[in-house]
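Have a look at the structure below, then the notes.
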Amino acid sequence: MTYDIESLLATLNAQQRAAVTASDGPVLVLAGPGSGKTRVLAHRVAWLLAHEGAAPWRVLAVTFTNKAAREMRSRLGRMLGDDAAREMTIGTFHATCARILRREAEHAGLDRNYLIFDSDDQLAVVKRVVKALGLDDKRYRPRALHAAISRAKNELLAPADYPVLTYYDEIVKRVYGKYQETLQESNALDFDDLLVEPVRLFRENPEVLDKYRRRFRYVLVDEFQDTNIAQYTLVRLLTEEHRSLFVVADEDQSIYSWRGADYRNIQRLRNDYPELVQILLTENYRSTQIILDAAQAVISRNFDRTPKELFTRKEGGPRITLREAYDEEEEAAYIVGEVRSLAREGFHWSDVAVMYRTNAQSRALEEAFVHAGIPYRLIGGTRFYSRMEIKDVLAFLRLAQNPDDDVSFLRVVGTPPRGIGARTIAKISAEAATAGLSLFRGAQRILTLGTLGGRTHNALAAFVELVAGWQADVGRMSVARLLDRILAETEYEPYLRDGTEEGEGRWENVRSLRAVVAEEPDIALVDFLTEVALVADVDEIKEDVDAVTLLTLHSAKGLEYPAVFLTGLEEGMLPHSRSLEDSPQAVEEERRLLYVGMTRAERRLYLTHAFRRNWYGNSEPAARSRFLEDLPAEVLVDTNRRRRERQAVQSSWAAPGWGASNPKPARRREVERQYSEGQRVRHRNYGEGIVQESRVERGDEIVTVLFFDNQVKDFLVGVAPLEPVSQH
DNA sequence: AAGGATTGCTTTTTT
DNA sequence: AGCAATCCTT
């Protein structure tokens with residue numbers, strides 16, 4: 001051994017040590033946020049190697065994101081040496097499963113060069129199926145059908161097992177069946193199949209299962225509360241014999257139920273492994289007492305949980321700042337101001353994160369940061385690999401790898417425009433269907449039949465020849481060279497660079513992809529495509545860039561920052577209106593989301609909400625989030641100077657919930673208008689301007705002001721920081 | 001077949 | 001408001 005396990009253990013607290021040194025049976029670590037669970041996981045591996053004589057290659061560690069996997073690997077590398085760490089299997093469920101399926105393709109009844117369909121591709125397949133079955137896509141929304149299919153797969157239900165209670169279920173079942181057929185014909189697996197297929201593989205091939213049980217003699221799972229049925233089943237299949245399972249979970253951080261995650265897997269674990277050793281990690285090393293208290297106050301209101309007493313040695317700390325802004329712009333302006341003042345205190349940009357419930361909320365924030373000249377990094381949003389141009393280029397590559405990928409064929413057969421349109425595609429489709437071929441092969445067949453018009457025939461022949469040429473080059477040249485060839489032959493660059501700024505940006509993205517490819521000169525195309533399909537944007541966070549991080553609460557899981565801003569704490573935003581319509585359990589999940597956000601903060605925490613927020617284009621009043629009511633007054637600094645005045649207005653027309661569906665209490669009040677057209681006014685943030693219009697709506701005066709920088713804004717008089725300017 | 005205009009729909013959240 | 005899908009014109 002190149003390391004000394006005893007001195008490694010000496011750095012742990014008693015709880016952590018108990019977890020790490022628990023017997024080599026099933027262990028469940030219930031870990032609070034910031035309790036060092038990643039360290040515990042890594043130390044557990046070291047312990048297994050030292051005390052159980054585990055060989056590194058027999059260790060399987062499953063993490064939630066690739067980023068977490070990378071961190072785990074480098075941590076283990078530091079502790080045990082890089083060679084040992086390299087031998088271990090460390091990765092997400094999806095990545096690990098993809099690798100197993102590649103290796104066991106024959107047993108699984110798959111072509112080992114299968115492609116992975118991401119959610120966009122999945123939706124494209126559903127749409128095609130809906131069309132092929134002649135269904136009305138208004139009544140049977142592809143999105144909803146896809147969600148139903150995905151849910152079924154997460155629960156390991158094959159099309160034949162799909163429960164039918166209503167006619168709609170019957171349709172889902174049929175679409176699901178045809179969907180699965182299409183995937184098979186395309187030699188593709190979707191995201192969910194990556195989990196489902198290994199379960200099938202193991203169940204149908206006991207000898208294969210046996211091999212992996214022996215191989216993965218030590219199984220560790222992080223973020224166990226976010227596993228779904230398929231993942232749980234996999235874990236159980238692998239470990240029910242040797243029972244060396246070590247999982248880390250926090251039910252208070254379960255935020256992926258909409259994706260099939262089921263925190264009740266924790267309870268299942270207790271049932272299926274009665275000898276389970278449970279250990280609590282309650283010391284928090286991340287946050288100040290104040291932040292932890294506030295987070296606890298919020299989460300303790302959930303009914304569906306086991307109470308935990310977390311503590312920290314970071315006593316006290318600055319109180320949490322609560323701020324109400326007029327609208328999202330003012331909210332963003334406030335945040336920018338506070339970030340600046342944090343910077344003056346010595347915080348780096350990268351010490352700061354701004355979090356929100358929905359990606360759409362990033363816009364106002366981005367604008368404010370751009371305006372202020374503060375560098376920021378946006379996580380998520382339109383993810384790099386779902387940009388139009390990137391998907392196009394990947395579709396070319398996918399076709400090169402696999403001619404039967406119909407989704408990719410449809411995507412690029414007319415991109416860039418080459419004289420192949422809807423009519424031709426319909427003919428290809430019909431031919432492919434009758435001959436039982438993929439679209440690409442159907443196209444080839446049509447060409448030999450020569451049933452197309454001259455011009456169309458030549459256009460299609462040229463395209464088919466291009467693709468065939470690439471196919472011949474797969475494996476003969478590097479992915480980078482193949483990509484260059486594709487870009488040249490499709491004349492993709494001039495197509496993108498149409499003279500607009502947007503076009504330049506898109507080409508820039510393609511060049512970034514080219515750079516990614518170039519980083520791995522020896523990778524096989526199919527492995528590159530797999531890698532690309534399995535990365536998430538959170539994985540792309542580079543720590544060495546000094547920039548403020550903008551991200552959703554979901555992406556924030558597992559991360560920590562010295563200073564955190566949680567924005568949009570309004571009814572309808574957090575909790576999101578969809579969860580309010582859904583169920584009390586959904587609202588509890590929203591509360592956990594806030595808890596996750598709050599517990600990301602080490603030293604400073606800011607909570608903001610807006611008095612009005614833009615929603616589908618128009619500005620709606622917003623009531624402050626119900627979750628804010630649970631914060632004890634002593635942990636807060638309420639900076640809302642005008643709050644008392646506002647509350648009077650707010651409570652009259654914004655409670656509870658908000659939005660067009662909430663009837664405003666009728667309150668007829670004759671309002672005397674304070675402003676008139678042409679009057680000169682001053683706004684605290686926007687400066688001076690001229691009133692363009694003054695009107696009374698819902699008993700409140702609203703003025704439209706044209707500011708001297710030509711911005712036009714609406715304000716609610718009495719709430720907005722607006723005052724008349726005397727004219728001499 | 002291509003490109004522009006119009007409609008109608010959307011927003012949770014992501015491996 | 002912004003964007004994709006669809007319609008409409010050339």
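These numbers were taken from a predicted model, which means no experiment stands behind them. Numbers restart at 1 for each chain; the letters A, B, ... are given by sequence-line order, proteins then strands.
Distances from the side chain of A/S119 to the nucleotides B/dA1, B/dT15, B/dT11 place B/dT15 closest. Picking from B/dT11, B/dT10, B/dT14 the nucleotide with the shortest atom distance to the side chain of A/R259 gives B/dT14. Out of B/dT14, B/dT15, B/dT10, the shortest distance to the side chain of A/H554 is found at B/dT14.
Atom CG in A/D120 sits about 14 Å away from atom C1' in B/dT15, given to the nearest Å. Taking atom CD of A/E620 as the reference point, atom C1' of C/dA1 lies 13 Å away to the nearest angstrom. Distance, A/D192 CG to B/dT14 C1': 11 Å, rounded to whole Å. Atom CD of A/Q361 and atom C1' of B/dT11 are 10 Å apart (whole Å). Rounded to whole Å, the distance from CG on A/L580 to P on B/dT11 is 18 Å. In this structure, CE of A/M573 is placed 9 Å from P of B/dT13, rounded to the nearest angstrom. Across the protein-nucleic acid pair, A/L460 atom CG and B/dA1 atom P stand 11 Å apart, rounded to whole Å. Counting to the nearest Å, the P atom of B/dT15 and the CG atom of A/N66 are 8 Å from each other.
The closest donor-acceptor contact from the side chain of A/R600 to the backbone of A/V596 lies under 3.5 Å. Using a distance-only test at 3.5 Å, with no hydrogens or angles considered, a donor-acceptor pair links the side chain of A/N302 to the main chain of A/E588. When atom types are taken as modelled, the side chain of A/R613 and the backbone of A/A622 share no donor-acceptor pair closer than 3.5 angstrom.
Nucleotides of DNA chain B nearest to A/G421 and A/H94 differ in position, and the one nearer the 5' end is that of A/G421. The 5' end of DNA chain B is approached more closely, in terms of each residue's nearest nucleotide, by A/G419 than by the other of A/E589 and A/G419.
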Provide a list of protein-nucleic acid N or O atom pairs under 3.5 angstrom, restricted to nucleotides 2-9 of chain C.
from, atom 1, to, atom 2, distance (Å)
C/dA5, OP1, A/K127, NZ, 3.0

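Judged as a ring-ring contact (aromatic ring centres under 6.0 Å, His included), and not counting sequence neighbours, A/Y114 has no contacts. Checked against salt bridge (charged side-chain N to carboxylate O under 4.0 Å, His left out), A/E155 has no partners two or more places apart in sequence or in another chain.
Using a 4.0 Å heavy-atom cutoff across all strands shown, A/S579 reaches no nucleic acid atom at all. If you check every strand for non-hydrogen atoms under 4.0 Å, A/D118 touches nothing. At the heavy-atom level, A/R418 lies under 4.0 Å from the strands shown only through sugar-phosphate atoms. Within the nucleic acid shown, A/Y256 comes within 4.0 Å of sugar-phosphate atoms alone, with no base atom in reach, counting heavy atoms only. Residue contacts for A/A422: at a heavy-atom cut-off of 4.0 Å it reaches the sugar-phosphate backbone alone, with no base atom in range. At a threshold of 4.0 angstrom between heavy atoms, the contacts of A/L553 with the nucleic acid are absent. Among the protein residues, A/R455 comes within range of no part of the nucleic acid, since none of its heavy atoms lies under 4.0 Å from any strand.
Taking 4.0 angstrom as the limit, A/S577 places none of its side-chain polar atoms (N or O) nearer than this to OP1 or OP2 of B/dT11. A sub-4.0 Å separation between OP1 or OP2 of B/dT11 and a side-chain N or O of A/R143 is present. The shortest distance between the side-chain N/O atoms of A/N154 and the OP1/OP2 oxygens of B/dT15 is not below 4.0 Å. Side-chain N/O atoms of A/N359 include one lying less than 4.0 angstrom from OP1 or OP2 on B/dT13. In this model, the phosphate group of B/dT14 is approached by a side-chain N or O of A/T552 to a distance below 4.0 Å at OP1 or OP2.
Aromatic ring pairs are classed by plane angle as parallel below 30°, tilted from 30° to 60° and perpendicular above 60°; the pair A/Y492 and A/F396 is perpendicular.
Counting heavy atoms from C-beta outward, A/Y179 and A/Q122 have side chains that approach closer than 4.5 Å. By the 4.5 Å heavy-atom criterion applied to side chains, A/R624 and A/E570 are not counted as neighbours.
Stacking of the aromatic ring of A/W258 onto the base of B/dT13 is found: the ring centres lie under 5.5 Å apart and the planes are inclined by under 30°.
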Going through the distances and angles, do A/D190 and A/I116 end up as a side chain to side chain contact (heavy atoms under 4.5 Å, CB included)? CA-CA 5 Å; A/D190 69 18; A/I116 296 168; over 6 Å; no

